[in-house]
Amino acid sequence: MSAAAALISTSLLGVLIGHWLAKRFSPEMMDTAAGTLLLFISVMLLWDAIKLN
């Protein structure tokens with residue numbers, strides 16, 4: 001039961017934050033921000049994988 005409540009809560013939070021962001025930023029800016037964030041995460045994961053060897 002608590003797993004379902006957690007899923008509903010996080011989904012609702014994601015929808016509310018997404019709606020708030022969509023009203024304040026252009027789609028192009030959101031695309032750029034998402035791409036930059038994914039690139040940063042990829043570099044950090046690669047750095048961690050190389051550092052472990």
Side-chain angles (χ1 to χ4, degrees):
M1 180 70 183
S2 50
L7 177 61
I8 292 169
S9 300
T10 56
S11 296
L12 178 62
L13 186 61
V15 167
L16 292 175
I17 291 172
H19 180 71
W20 181 80
L21 287 171
K23 289 195 306 186
R24 283 162 179 71
F25 300 106
S26 69
E28 293 82 17
M29 183 178 218
M30 293 300 293
D31 285 345
T32 302
T36 303
L37 184 60
L38 288 173
L39 182 61
F40 175 73
I41 291 170
S42 300
V43 168
M44 295 305 293
L45 287 171
L46 182 61
W47 176 260
D48 190 42
I50 291 171
K51 194 170 95 173
L52 290 177
N53 288 331

Among L39, T32, L38, find the one that has a side chain to side chain contact (heavy atoms under 4.5 Å, CB included) with T36.
T32
Nearest-0.5 Å distance, NE2 of residue H19 to CD1 of residue I17
12.5 Å
Please round to the nearest 0.5 Å and tell me the distance separating atom NZ of K51 and atom CE of M44.
8.0 Å
Sequence neighbours excluded, which residues qualify as side-chain contact (heavy atoms from CB on, under 4.5 Å) partners of [X]?
X	answer
L16	L12
S26	E28, M29
L45	I41

Verify the cluster assignment for L13 and L21: are they in a single hydrophobic cluster under the rule of side-chain heavy atoms below 4.5 Å apart?
yes
